[in-house]
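Naming convention: chains lettered A, B, ... in sequence-line order (proteins, then strands); numbering from 1 in each chain.
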Protein chains: 2
Amino acid sequence: MQTRSEETQAHIKAAAISAFSQSGFDAASVADICGRAGVSKGAFYHHFPSKQDLFLVIMEDWLRGIDSLLFSKTESGVSVPRRIAEMGNKMGIIFQAASGQLPMFMEFMVQASRDATVWNAVIAPYRRFQQQFAALLEQGVQEGSIQPDADVEQAAHALISLAVGILLQGVVDSRAADWKGVTNAGVAMIIDGITRGEG
Amino acid sequence: MQTRSEETQAHIKAAAISAFSQSGFDAASVADICGRAGVSKGAFYHHFPSKQDLFLVIMEDWLRGIDSLLFSKTESGVSVPRRIAEMGNKMGIIFQAASGQLPMFMEFMVQASRDATVWNAVIAPYRRFQQQFAALLEQGVQEGSIQPDADVEQAAHALISLAVGILLQGVVDSRAADWKGVTNAGVAMIIDGITRGEG
């Protein structure tokens, strides 16, 4: 059960997500967020030192959610190509969870390209994803399911780029494609390209 | 040779790109753009009805540049997988041409997710890219270089998603990877996944 304080924080975060999504980080004011959340400015600043801190907390929540979804424990004995295909499947969950909140994703990127604090907060987990994917692919090389000459660093970048690109297009043009299907097909193509075809 | 009027327009566009990149579309004012370009507001409005019109012209220039770069005439007799690999190579040129202007790319996406006019302006050429890629891949199926059971629509989406994701990451973390190398490797993996391995 949530404490009263956790409940207030959750309200403020939800209000901020909708304010940032609609108006953008710069235009959304603390007063606006408080109005939507039904809390006083005093309550706001009791929980979050600043609008930027709140923004960073939302971003970290979001990245932690993806992290735990993708790299949660799987049964042993599952080949790396299968595990990666399974991760592709989970992108559907990320899409659903993020639906309506996806303009926030744009805000993360825009602010990261302009503000060093945000940049550092987004870049550390992003580089960790990269390392986790590369390590997983390397494990595939070890187990013999991925070609020994595959460049695991490049393949990890390609998989993440694919996911980022799909997420971005999903924001801008959600109905242009079955994005979950595109994710599965794209991941399968990349995996086919680096496996012995024994998937 | 540029006429005086074309020169003024080019100055205004360059100033707007740097203003939008630095401050964002909303915060960058016409006065700011005029100051950077060294032109009067009268001159500005003589060339562009509004800040949004200027923004759309810049976006259309950018998309047209990519279009003509990627789909420019190639010698006949080149297989589709080779032509797509060559397109991957050209992404390097897009990166170079866009360097410093890349935050603009973010702005296009953010504005498109908020404004129907911008959305329509970005979505039409984007869907054209999708159709051009799918048609090219279908040609590969016809010529026998791409597997007959390949889903060309999905593969086209995957290639574009990869490119979009790489472009976005290049904006946010230009030094994290050799993005040109990632492009080539990612395109090669996808192509390997849908060809008979005869590239």
Given that the side chain runs from C-beta out, which part of [X] has a heavy atom under 4.5 Å from chain B: side chain, backbone, both or neither?
| X | value |
| --- | --- |
| Ile160(A) | both |
| Ala155(A) | both |
| Ile123(A) | side chain |

Go through Ile190(B), Val182(B), Val187(B) and name the one with the most non-hydrogen pairs under 4.5 angstrom from chain A. Val182(B)
Using a cut-off of under 4.5 Å on heavy-atom pairs, state which of Ala188(B), Gly186(B), Ala177(B) scores highest against chain A.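 Top count of heavy-atom pairs under 4.5 Å with chain A: Ala177(B).
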Gap separating the [atom1] atom of [X] from the [atom2] atom of [Y], nearest 0.5 angstrom:
| X | Y | atom1 | atom2 | answer |
| --- | --- | --- | --- | --- |
| Ser161(A) | Leu162(B) | OG | CG | 5.5 Å |
| His157(A) | Trp179(B) | NE2 | CH2 | 5.0 Å |
| Asp26(B) | Asp26(A) | CG | CG | 8.5 Å |

Taking side chain as C-beta onward, heavy atoms only, is Asp192(B) less than 4.5 Å from Asp192(A)? no
What heavy-atom pair brings Met189(A) and Asp151(B) nearest, and what distance separates the two atoms?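 The answer is CE-O, 4.4 Å.
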Side chain / backbone / both / neither for [X] at chain A, heavy atoms under 4.5 Å:
| X | result |
| --- | --- |
| Thr183(B) | neither |
| Gln154(B) | both |
| Ala158(B) | both |

Among Ala150(A), Ala163(A), Ala156(A), Gly24(A), residue most engaged with chain B (heavy-atom pairs, under 4.5 Å):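 Highest number of heavy-atom pairs under 4.5 Å: Gly24(A).
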Highest number of heavy-atom pairs under 4.5 Å with chain B: which of Asp178(A), Ile166(A), Asn184(A)?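 If we count pairs closer than 4.5 Å to chain B, Ile166(A) comes out on top.
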